[in-house]
Amino acid sequence: MTKPITEDAITKLYCSKYPDEIAIADLGCSSGPNTFFLVSELLKVVDSVRQKIGQKSPEYQVFLNDLPGNDFNTIFRSLSDFQNKLRKQLGPGNGPCFFTGVPGSFYGRLFRKNSLHFVHSSYSLHWLSQVPQGLESNKRNIYMASTSPPDVLKAYYVQFQKNFSLFLKCRSEELVDGGRMVLTLIGRRSDDPSSKECCYFWELLAIALGDMLVEGLIEEEKLNSFNIPMYTPSPAEVKYEVVKEGSFNIDRLEVTEVNWNAYQDEPDLSDAFKDGGYNVAKCIRAVAEPLLASHFGEGILDEVFRRYREIISDRVSKEKNEFVNVTVSLIKA
């Protein structure tokens, strides 16, 4: 869904100046098979365009960024195979591609001034730098919810504003004039930050934790002090922060939806993957497990996600639910 937006942005960037070198940063790169996918697609687009117009290939510098705890060793161990595969795909005449790992939070400066041409971030910017202050009244909830007091919703929004504005400011210093960014984050269409479309999967996890509290499997103080450091903005909120910060012009701002159960329309699935609850619970566990383990301990993980899977299976059998994505393509002013 976001691929055409990214391809359009890198094509316009390249055709605006035909640079001899292109510096690309992927912020929140992780360490799995998808880490190199974006780079591969971007280079294919540039190579296709430059061949059509008879340009010499630029050299590429790719920066892979994530938090210091990210498994960069896995990335670098698989780099040689990726580079060999890329050379075969692009053929002779393509410029060299150099890779650098950059550990650190993107809510701060990561690169030299005016050193980047293209910045990409997918499914990372909805994560906040910290749990917002002032959530003491959000008892029995682990995120914004339909039962959360107004001051909780405000605290989350204020933290998002601080983080996103700082992110834009830092990237504006690092990008060259006319440089571009494509950012995709989980968001919402609704103006209500506690709407079902962005908070429901966390509300259901809170139900599983609440049941374990009733049975004495977790402590009440532990549950009341646990909150997810995340904010799912609306397109209007993203636009407002971009305009207010002032360093970028919006080229495209689009919203897409992805079904909770990504395998719903796939044929010939095993029985496990036909279970929507299994699929969603695995997805959320991959995201939430480190947070839950550090707060409650690893001992509760299997049980809480067993219960969560049952709750999700019941809900997806009765109703359709979707993740909402907000994608914004920006140009440094």
Side-chain angles (χ1 to χ4, degrees), residues 2-3 5-30 34-47 49-50 55 57-68 70 72 75-76 79 82-83 86 94-125 127 129 163-185 238 241-242 245-252 327-333:
T2 63
K3 185 178 177 181
I5 301 174
T6 306
E7 290 182 349
D8 177 62
I10 194 70
T11 299
K12 289 177 178 176
L13 169 76
Y14 179 67
C15 292
S16 65
K17 295 182 179 180
Y18 303 116
D20 293 329
E21 58 182 46
I22 299 177
I24 299 168
D26 187 16
L27 308 183
C29 65
S30 192
N34 287 344
T35 298
F36 295 115
F37 179 74
L38 167 82
V39 177
S40 176
E41 293 301 304
L42 291 177
L43 269 59
K44 288 177 186 176
V45 172
V46 174
D47 194 62
V49 173
R50 69 96 184 166
Q55 286 286 121
S57 174
E59 293 190 352
Y60 301 95
Q61 174 70 63
V62 177
F63 298 102
L64 300 175
N65 158 259
D66 214 307
L67 293 173
N70 188 54
F72 286 97
I75 295 175
F76 296 135
L79 183 55
F82 168 75
Q83 288 177 315
L86 189 64
N94 192 65
C97 184
F98 306 101
F99 285 83
T100 302
V102 183
S105 170
F106 49 51
Y107 294 126
R109 284 287 304 277
L110 292 166
F111 309 99
R112 293 183 296 106
K113 285 189 175 183
N114 304 313
S115 63
L116 300 177
H117 296 89
F118 192 88
V119 170
H120 174 267
S121 182
S122 179
Y123 271 40
S124 296
L125 266 169
W127 291 107
S129 63
N163 280 167
F164 195 52
S165 177
L166 180 58
F167 176 89
L168 294 172
K169 180 179 183 298
C170 292
R171 303 295 82 78
S172 71
E173 295 180 28
E174 297 163 349
L175 277 159
V176 300
D177 291 341
R180 289 180 176 257
M181 288 202 298
V182 177
L183 314 172
T184 297
L185 54 166
V238 170
E241 292 305 317
V242 171
E245 197 277 331
S247 299
F248 294 91
N249 295 320
I250 296 176
D251 186 33
R252 298 174 69 172
T327 301
V328 60
S329 180
L330 303 170
I331 310 167
K332 181 179 172 180

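- Listed by first then second residue, pairs satisfying side chain to side chain donor-acceptor pair (under 3.5 Å) with a partner in residues 99-113 read Gln61-Thr100, Arg109-Glu173, Arg109-Glu174, not counting sequence neighbours.
- Between the side chain of Lys332 and the main chain of Leu175, a donor-acceptor pair closer than 3.5 Å is present.
- Looking only at side-chain heavy atoms (C-beta outward), Val46 and Ile10 come within less than 4.5 Å of each other.
- Residues Phe164 and Val242 have side chains in contact (heavy-atom distance under 4.5 Å, counting atoms from C-beta outward).
- Shortest non-hydrogen contact noted between Pro19 and Pro58 is O-CB, 3.4 Å.
- Between Leu168 and Met181, the closest side-chain pair of non-hydrogen atoms falls below 4.5 Å.
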ask   = Would Ile75 and Phe36 satisfy side chain to side chain contact (heavy atoms under 4.5 Å, CB included), going step by step from the backbone distance to the final call?
value = CA-CA 9 Å; Ile75 295 175; Phe36 295 115; 3.6 Å; yes

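- Every residue two or more places apart in sequence or in another chain was checked for a salt bridge (Lys or Arg N to Asp or Glu O under 4.0 Å) with Glu21, and none qualifies.
- More than 12 heavy atoms of other residues, nucleotides or ligands lie within 6.0 Å of CG in Asn114, so this atom counts as buried by the packing criterion.
- How far OG of Ser247 is from NZ of Lys169: 8.5 Å, rounded to the nearest 0.5 Å.
- Contact of the Thr184 side chain with the Tyr123 side chain is registered, since non-hydrogen atoms from C-beta on lie closer than 4.5 Å.
- The side-chain heavy atoms of Arg171 and Leu110, taken from C-beta on, include a pair separated by under 4.5 Å.
- When all heavy atoms are compared, the tightest approach of Ser115 to Ala23 is O-CB, 3.2 Å.
- When atom types are taken as modelled, the side chain of Asp26 and the backbone of Leu64 share no donor-acceptor pair closer than 3.5 angstrom.
- Between Ile250 and Leu330 there is a side-chain heavy-atom pair separated by less than 4.5 Å.
- In this structure, the separation between NZ on Lys3 and CG on Asp8 is 14.0 Å, given to the nearest 0.5 Å.
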request  = Given side chain to side chain contact (heavy atoms under 4.5 Å, CB included), test Gln55 with Tyr14 step by step and report yes or no.
outcome  = CA-CA 11 Å; Gln55 286 286 121; Tyr14 179 67; 3.3 Å; yes

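- Atom CZ of residue Phe76 and atom CZ of residue Phe99 lie 10.0 Å apart, to the nearest 0.5 angstrom.
- Checking side-chain atoms of His120 against main-chain N and O of Val182 turns up no donor-acceptor pair under 3.5 Å.
- Judged by distance alone, the side chain of Asn70 and the main-chain N or O of Ser30 form a donor-acceptor pair under 3.5 Å.
- The backbone N or O of Cys29 lies less than 3.5 Å from a partner atom in the side chain of Thr35, making a donor-acceptor pair.
- Taking both residues in full, the closest heavy atoms of Arg180 and Ser329 are given as NH1-OG, 4.4 Å, listed atom of the first, atom of the second, then distance.
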ask   = What's the verdict on side chain to side chain contact (heavy atoms under 4.5 Å, CB included) for Glu59 and Asp20, showing C-alpha distance, side-chain angles and the deciding distance?
value = CA-CA 6 Å; Glu59 293 190 352; Asp20 293 329; over 6 Å; no

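- Here the side chains of Tyr60 and Leu43 are in contact, with some heavy-atom distance below 4.5 Å.
- Between Leu116 and Ala25, the shortest heavy-atom distance links the atoms CD1-CB, 4.0 Å.
- Distance alone, capped at 3.5 Å, places no donor-acceptor pair between the Ser40 side chain and the Phe37 backbone.
- The backbone N or O of Val102 sits less than 3.5 Å from a side-chain atom of Asn65, completing a donor-acceptor pair.
- Note that CG of Leu27 is 11.0 Å distant from CZ of Phe63, once rounded to the nearest 0.5 Å.
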task = Give the intermediate values and the outcome of side chain to side chain contact (heavy atoms under 4.5 Å, CB included) for residues Asp66 and Phe106.
result = CA-CA 8 Å; Asp66 214 307; Phe106 49 51; over 6 Å; no

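- Distance check, rounded to the nearest 0.5 Å: CG of Leu125 to CG of Leu183 gives 5.5 Å.
- Side chains of Thr2 and Ser122 form no contact here, defined as non-hydrogen atoms less than 4.5 Å apart.
- Side chain of Ser124 to backbone of Ser121: no donor-acceptor contact under 3.5 angstrom is found.
- Side-chain atoms of Ser57 do not come within 3.5 Å of backbone N or O of Asn94 as any donor-acceptor pair.
- For the residue pair Glu241 and Ser165, the shortest heavy atom distance occurs at OE1-CB, 4.1 Å.
- Gly178 and Ile331 make their closest contact through O-CG2, 4.0 Å (heavy atoms, listed as atom of the first residue, atom of the second, distance).
- Between atom NZ of residue Lys17 and atom CD1 of residue Ile22 there is a gap of 11.5 Å, rounded to the nearest 0.5 Å.
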